[in-house]
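Okay, structure first, notes after.
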Amino acid sequence: MTTRTGPGPRERLLEAARELTYRHGVGVGVDALLGAANVARRSLYEHFGGKDGLIAEVLRRTTAEDEEDYLRTMRAAGEDPRARLLAVFDRLAEIVGGPGFRGCRYLAADLALADPGHPAHAVTRDYRERVRRLFEDELVRLGHRSPGHAADQLLLLVDGVLAAGATRPGTNPAISARELAGHVLDAGI
């Protein structure tokens, strides 16, 4: 008879950290993480080298998922680069208006982790650069005169939507950001 086991300690730690750091921030205590994952302290150090490594790995996983969400959103909008980029803001409206939205986990981590050498910062920087390149590629396809600059502007609007959505609940900053994004797109054609 084979018994089916659930996720191992590594996966339980990742899931607990994903949930608790989003709900309470990256400052959540190690004991809370260990308790939620139902693992011994030794597992944290064996699998991640400590809390910093766990936080960085959680961010790596969520950035990959979020990047895929951008791609899926843009693909669903069709082939027109303008429509694909504006669809990002429609998706952000859904996210910000969804239950349990607490803001951008990457911005929150960057602000909370004072040590500039913390491994989480490299993960969040790489993620933002990948999203920026994704936007820039679409802007090139659109024929925008300044695709790099416009990609920076769109990324700033995305950050603004996520921050305002967390700090001003009940508003829908994605609507305003979508309108501004349209101006950014149209100004360079």
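Computed from a predicted model, the values in this text were never measured in an experiment.
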Heavy-atom side-chain contact between [X] and [Y] under 4.5 Å:
X   : Y    : result
E11 : L14  : yes
V26 : K51  : no
T63 : T124 : no

Starting from [Y], can I reach [X] by hopping between I/L/V/M/F/W/Y residues whose side chains sit under 4.5 Å apart?
X    : Y    : answer
V131 : L142 : yes
L162 : V58  : no
Y45  : L33  : yes
V30  : V28  : yes
L86  : L71  : yes

Aromatic ring pairing Y127/Y106, orientation class (parallel under 30°, perpendicular over 60°, tilted between):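 Tilted: the ring planes of Y127 and Y106 meet at 30° to 60°.
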Provide the closest heavy-atom pair for [X] versus [Y] in the form atom of the first, atom of the second, distance.
X    : Y    : answer
A187 : R145 : O-NH2, 2.7 Å
V161 : A177 : CG2-CB, 3.2 Å
L20  : A36  : CD1-CB, 3.7 Å
A120 : L59  : CB-CD1, 3.5 Å
Y70  : L134 : CB-CD2, 3.7 Å
L85  : F135 : CD2-CD2, 3.7 Å

Output every pair passing side-chain hydrogen bond (donor to acceptor under 3.5 Å, both in side chains) with a member in residues 27-40, not counting sequence neighbours, ordered by first then second residue.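 Qualifying pairs: D31-R41.
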Can you measure from [atom1] ([X]) to [atom2] ([Y]) and round to the nearest 0.5 angstrom?
X    : Y    : atom1 : atom2 : answer
T62  : R60  : OG1   : CZ    : 10.5 Å
L180 : L154 : CG    : CG    : 10.0 Å
T21  : R102 : OG1   : CZ    : 11.0 Å
S176 : F89  : OG    : CZ    : 11.5 Å
H144 : L139 : NE2   : CG    : 6.0 Å
R84  : M74  : CZ    : CE    : 5.0 Å

Under a 3.5 Å distance rule, please check whether [X] uses its side chain to pair with a backbone N or O of [Y] as donor and acceptor.
X    : Y    : answer
S43  : V39  : no
H121 : A109 : no
R132 : G148 : yes

Side chain to side chain contact (heavy atoms under 4.5 Å, CB included) evaluation trace for L54 with L13: CA-CA 8 Å; L54 174 61; L13 275 165; 4.3 Å; yes
Counting only heavy atoms not in [X], do more than 12 sit closer than 6.0 Å to its [atom1] atom?
X   : atom1 : value
H24 : NE2   : yes
R23 : CZ    : yes
R75 : CZ    : yes

Salt-bridge present ([X], [Y]; N to O < 4.0 Å):
X    : Y    : answer
E65  : R72  : no
R133 : E136 : no
D66  : R105 : no

Begin with the C-alpha distance, continue with both residues' side-chain angles, and end with the deciding distance and a verdict on side chain to side chain contact (heavy atoms under 4.5 Å, CB included) for E15 and R61. CA-CA 10 Å; E15 190 52 41; R61 282 188 172 202; over 6 Å; no
Side chain to side chain contact (heavy atoms under 4.5 Å, CB included) for D69 and I95? Distances and angles first, verdict last. CA-CA 11 Å; D69 191 44; I95 291 168; 3.9 Å; yes
I would like to know whether E129 and D126 meet side chain to side chain contact (heavy atoms under 4.5 Å, CB included); could you show each step before the answer? CA-CA 5 Å; E129 183 53 34; D126 289 347; 5.7 Å; no
Salt bridge (Lys or Arg N to Asp or Glu O under 4.0 Å) assessment of D110 paired with R125: CA-CA 9 Å; D110 283 334; R125 274 192 305 275; over 6 Å; no
